[in-house]
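Not measured: the values here are computed from a predicted model.
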Amino acid sequence: GHVTKAPPGILSKRIQADFHEAASAIGIPAIDIPSGASHDSAAFADAGVPTAMLFIRNANGSHNPHEAMELPDFMATTRMLAWWLARRA
């Protein structure tokens, strides 16, 4: 098949640090991981919009008919995002 490439998006270090603070405050383990996929966030970052991404663990990966994300993981990430948004308001 045809392979395409895009430069990596440079995400906001500040938002990433804030996400780590939120995860710590709520007691959610978090790590930084690179993503080889070309996400919309890279386009936002390239346009000057401060951007970061949250990935939720998923045994089979996303965009997979056998996706295996657990609802408690989704809800924990939602709580973390809400915590961050409330602090930014």
Side-chain angles (χ1 to χ4, degrees):
H2 183 69
V3 175
T4 62
K5 288 190 170 203
I10 306 302
L11 303 183
S12 168
K13 295 291 184 194
R14 176 68 197 162
I15 296 174
Q16 289 175 336
D18 288 350
F19 282 173
H20 276 281
E21 180 184 358
S24 178
I26 294 174
I28 299 170
I31 60 170
D32 290 329
I33 60 170
S35 173
S38 182
H39 295 280
D40 292 344
S41 62
F44 291 129
D46 288 344
V49 177
T51 306
M53 294 179 65
L54 297 171
F55 289 95
I56 301 170
R57 68 180 167 182
N58 185 325
N60 297 321
S62 64
H63 305 288
N64 179 324
H66 303 290
E67 227 175 288
M69 179 189 67
E70 298 290 333
L71 191 54
D73 291 337
F74 174 79
M75 296 307 295
T77 305
T78 301
R79 279 194 321 275
M80 193 192 93
L81 182 59
W83 184 94
W84 177 74
L85 287 169
R87 298 258 327 227
R88 304 270 307 168

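For Leu71, the side-chain contact (heavy atoms from CB on, under 4.5 Å) criterion is met by Phe74, Met75, not counting sequence neighbours.
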All N/O donor-acceptor pairs, side-chain side in residues 42-59, below 3.5 Å, sequence neighbours left out:
residue, atom, partner, partner atom, Å
Thr51, OG1, Val49, O, 2.6
Arg57, NE, Asp73, OD1, 3.4
Arg57, NE, Asp73, OD2, 2.7
Arg57, NH2, Asp73, OD1, 3.2
Asn58, OD1, Asn60, N, 3.1
Asn58, OD1, Gly61, N, 3.2
Asn58, OD1, Ala68, N, 2.9
Asn58, ND2, Gly61, O, 3.4
Asn58, ND2, Glu67, OE2, 3.3

For residues 6-18, tabulate all N or O donor-acceptor pairs below 3.5 Å that involve a side-chain atom, not counting sequence neighbours.
residue, atom, partner, partner atom, Å
Ser12, OG, Arg14, N, 3.3
Ser12, OG, Ile15, N, 3.0
Arg14, NE, Asp18, OD1, 3.3
Arg14, NH2, Asp18, OD1, 3.0
Asp18, OD2, Trp84, NE1, 3.3

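One distance of note links CZ of Phe19 with CD1 of Ile28; it measures 11.5 Å at 0.5 Å rounding.
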